[in-house]
Amino acid sequence: QWIAQSAPEQGDPTENAKRARDSGAIAIYLHGGVGDRLVKAGKTEEIGAAVAGIKKAGLLAGIGAHELPTVQACVRAGLNPDFYMFTINKMNYYASDPADVAAFMKSIEKPWIGFKVIGAGRDKPPDGFLHAFQKGADFIAVGLFDWQVRDDVAMVQEMLAKGFARDRAWLG
């Protein structure tokens, strides 16, 4: 199973979702930079139209964001994504303040996939992964080399088995 990303340069989000579905994707989300830009331009309704088009194509629909105001605007607008793909790291790398993010996301009852969790290599994987989970991410999307996958998966499994403090309920 895999999740696709949609962005304007890839065409209409609905048509893009159909292509992703036909290639085996189970979900697609609107690119975080696009979401941030649309909210700043006062065009949150375009994000809602993309979510609706993705769902019409029969896929789970997500909203990507790097900035907390993007997620807040989508919630205020009553958009109903199936999940959020949202940056969380402690390195201030394309991310909002982690404490503010954690406080807001605690009230959101949608799965949250955290990305950029190690701040483009500025943090160590164990620290970045744990930070994302502690702040409320339900899943993490991490760029890895193939030779890193086994060790990093084992690290996350051990982390989850040991447990850690977390205020947000697990979703997803």
Side-chain angles (χ1 to χ4, degrees), residues 2-10 13 16 20 25-44 46-48 50-51 54 60-77 79-145 148-149 152-153 155-156 159-160 164-172:
W2 61 283
I3 299 172
Q5 173 181 277
S6 181
E9 66 273 10
Q10 297 165 333
N16 202 10
I26 62 163
I28 190 168
Y29 68 96
L30 186 65
H31 183 281
V34 174
D36 295 337
R37 182 179 49 77
L38 288 172
V39 167
K40 285 178 184 173
K43 298 180 179 181
T44 306
E46 289 186 31
I47 298 171
V51 167
I54 292 166
L60 297 171
I63 296 173
H66 300 284
E67 301 173 6
L68 183 55
T70 300
V71 177
Q72 292 169 326
C74 291
V75 169
R76 275 194 311 275
L79 305 187
N80 189 27
D82 296 301
F83 64 96
Y84 285 97
M85 187 85 177
F86 187 36
T87 302
I88 181 75
N89 64 66
K90 58 186 175 180
M91 309 311 292
N92 202 24
Y93 179 75
Y94 287 104
S96 295
D97 178 83
D100 294 343
V101 170
F104 183 77
M105 292 304 285
K106 186 176 175 183
S107 68
I108 304 301
E109 295 184 9
K110 300 282 183 181
W112 169 20
I113 303 169
F115 70 104
K116 297 193 187 298
V117 299
I118 57 174
R122 291 169 174 83
D123 201 0
K124 295 187 179 344
D127 298 333
F129 296 179
L130 181 61
H131 175 78
F133 288 135
Q134 286 176 324
K135 295 300 181 190
D138 299 297
F139 306 93
I140 54 176
V142 184
L144 303 170
F145 291 107
Q148 295 173 306
V149 173
D152 284 357
V153 168
M155 178 191 325
V156 169
M159 195 179 289
L160 295 173
F164 45 81
R166 175 185 166 97
D167 290 333
R168 186 174 186 260
W170 288 99
L171 298 170

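Given the structure is predicted, the values throughout are model-derived calculations rather than measurements.
Heavy-atom neighbours of Phe104 CZ from other residues, nucleotides or ligands within 6.0 Å: above the threshold of 12. Residue-environment remark: CG (Asn92) stays at or below the threshold of 12 foreign heavy atoms within 6.0 Å.
Pairing each heavy atom of Ala65 with each of Phe86, the nearest pair is O-CD1, 3.1 Å. Shown here for Gly172 and Pro111, the closest heavy-atom pair between the two residues is CA-CG, 3.8 Å. Scanning both residues, Pro81 and Val51, for their nearest heavy atoms gives CA-CG1, 4.1 Å. Ile47 approaches Gly35 most closely through the heavy-atom pair CD1-O, 3.7 Å. Taking both residues in full, the closest heavy atoms of Pro69 and Ser96 are given as CD-OG, 4.3 Å, listed atom of the first, atom of the second, then distance. Considering all non-hydrogen atoms of both residues, Ala73 and Thr44 come closest at O-CG2, 4.0 Å.
Qualifying side-chain contact (heavy atoms from CB on, under 4.5 Å) partners for Asp167, counting only residues two or more places apart in sequence or in other chains: Lys106. With sequence neighbours left out, the side-chain contact (heavy atoms from CB on, under 4.5 Å) criterion links Leu160 to Val156, Phe164, Trp170. Applying the side chain to side chain donor-acceptor pair (under 3.5 Å) test to Asn89 and every residue at least two apart in sequence or in another chain returns nothing. Listed by chain and number, the residues in a side chain to side chain donor-acceptor pair (under 3.5 Å) with Arg122 amount to none (sequence neighbours excluded). Legend: residues meeting side-chain contact (heavy atoms from CB on, under 4.5 Å) with Pro98, ordered by chain and number and at least two apart, are Ile88, His131, Lys135. In this structure Lys40 satisfies the side chain to side chain donor-acceptor pair (under 3.5 Å) test together with Glu67, sequence neighbours excluded. In terms of the side chain to side chain donor-acceptor pair (under 3.5 Å) criterion, Lys90 has no residue partners (sequence neighbours excluded). For Phe115, the ring-ring contact (aromatic ring centres under 6.0 Å, His included) partners two or more places apart in sequence, or in a different chain, are His66. With sequence neighbours left out, the side-chain contact (heavy atoms from CB on, under 4.5 Å) criterion links Leu60 to Ala27, Asp82, Phe83.
Between the side chain of Gln148 and the backbone N or O of Phe145, at least one donor-acceptor pair lies under 3.5 Å. No donor-acceptor pair closer than 3.5 Å links the side chain of Thr87 to the backbone N or O of Ala95. Side chain of Arg168 to backbone of Ile108: a donor-acceptor contact under 3.5 angstrom is found.
Proximity of Ile113 to Ile3: side-chain heavy atoms (C-beta onward) are separated by under 4.5 Å at one or more points. Looking only at side-chain heavy atoms (C-beta outward), Asp152 and Phe129 come within less than 4.5 Å of each other. No side-chain heavy atom of Leu30 sits under 4.5 Å from any side-chain heavy atom of Ile63. Looking at Lys124 and Ile118, their side chains never come closer than 4.5 Å, going by heavy atoms from C-beta outward.
Asp36 contributes atom CG, which lies 3.5 Å from atom OG1 of Thr70 (distance to the nearest 0.5 angstrom).
Note that Lys110 lies outside the cation-pi zone of Tyr84, set by a 6.0 Å cut-off to the ring centre and a 45° limit from the axis.
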Fill in: Evaluation steps, side-chain contact (heavy atoms from CB on, under 4.5 Å), between Asn16 and Ile54
CA-CA 8 Å; Asn16 202 10; Ile54 292 166; over 6 Å; no
Practice prompt. Verify salt bridge (charged side-chain N to carboxylate O under 4.0 Å, His left out) between Asp138 and Arg166, making sure each step is shown before the conclusion.
Written response: CA-CA 11 Å; Asp138 299 297; Arg166 175 185 166 97; 3.0 Å; yes
